[in-house]
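These notes are about the structure you will find just below.
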Amino acid sequence: MAQGSGSASQAKFWVALLFCFLFFWENVDAATYTVGGSNGWTFNMATWPRGKRFRAGDTLLFEYDATIHNVVAVNRGGYRSCITPAGAKVYKSGKDEVKLGKGMNYFICNIAGHCESGMKIAINAV
């Protein structure tokens, strides 16, 4: 009889573990954000991230006219100065998906004058 109750408690343990796994799995799904909302990736973007909670692994979708814009993942210095550092990743498809890393993530458009006109964002992913 002692063996039977051990099996029952093992079964309860595995069911509880499975429940916890499924609960947490559903809650850690990464989100996808369309940068700029319905306006897309454009000028005056500084306020777009406000009020959103970004997590490492979330995806940013940059939608824009690829004939006149691009997206460049830059470092803090590149963001502040609107200068593309050597080796920066440049996206230019017009529909780019970028996964956020933990910490600060910086993006600019490096077409002449665009970053200076506010076509840049800084995102903190926790």
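Computed from a prediction, not measured in an experiment: that's the story for all the values here.
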Evaluate the side-chain proximity of [Y] to [X]: yes if any heavy-atom separation is below 4.5 Å, no if none is.
X	Y	result
I123	L100	yes
N70	N110	yes
F107	V74	no
E63	V35	no

Can you tell me if N44 uses its side chain to pair, donor with acceptor, with the backbone of T42 under 3.5 Å?
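Checked: no pair found.
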
Report yes or no: does D58 contribute a side-chain atom to a donor-acceptor pair with the main-chain N or O of A30 at less than 3.5 Å?
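Not a single qualifying donor-acceptor pair exists.
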
Rounded at 0.5 Å granularity, tell me how far [atom1] in [X] sits from [atom2] in [Y].
X	Y	atom1	atom2	result
K52	N124	NZ	CG	14.5 Å
W48	I121	CH2	CD1	5.5 Å
R80	Y106	CZ	OH	7.0 Å
F43	K120	CZ	NZ	13.5 Å
M119	H69	CE	NE2	4.0 Å
E97	T59	CD	OG1	6.0 Å

Is a side-chain donor-acceptor pair under 3.5 Å present for Y64 with D96?
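There is such a pair between these side chains.
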
Test side-chain contact (heavy atoms from CB on, under 4.5 Å) on V126 and R53 and set out the steps.
CA-CA 8 Å; V126 295; R53 181 171 165 85; 3.8 Å; yes

Classify the ring geometry of F62 against W41: parallel below 30°, tilted from 30° to 60°, perpendicular beyond 60°.
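Ring orientation of F62 relative to W41: perpendicular.
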
Linked, directly or transitively: I108 and F54 (ILVMFWY side chains, under 4.5 Å):
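Hydrophobic grouping puts I108 apart from F54.
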
Establish whether Y79 and M45 are linked, either directly or via other cluster members, by ILVMFWY side-chain heavy-atom contacts under 4.5 Å.
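No.
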
Taking all heavy atoms of [X] and all of [Y], pick out the closest pair and write down the distance.
X	Y	answer
G101	A125	O-CB, 3.3 Å
P85	G78	CD-CA, 4.4 Å
K95	L61	CG-CD1, 3.8 Å

Taking the two cysteines C115 and C109, decide whether their SG atoms are closer than 2.5 angstrom.
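Their SG atoms do not fall under 2.5 Å; no disulfide, then.
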
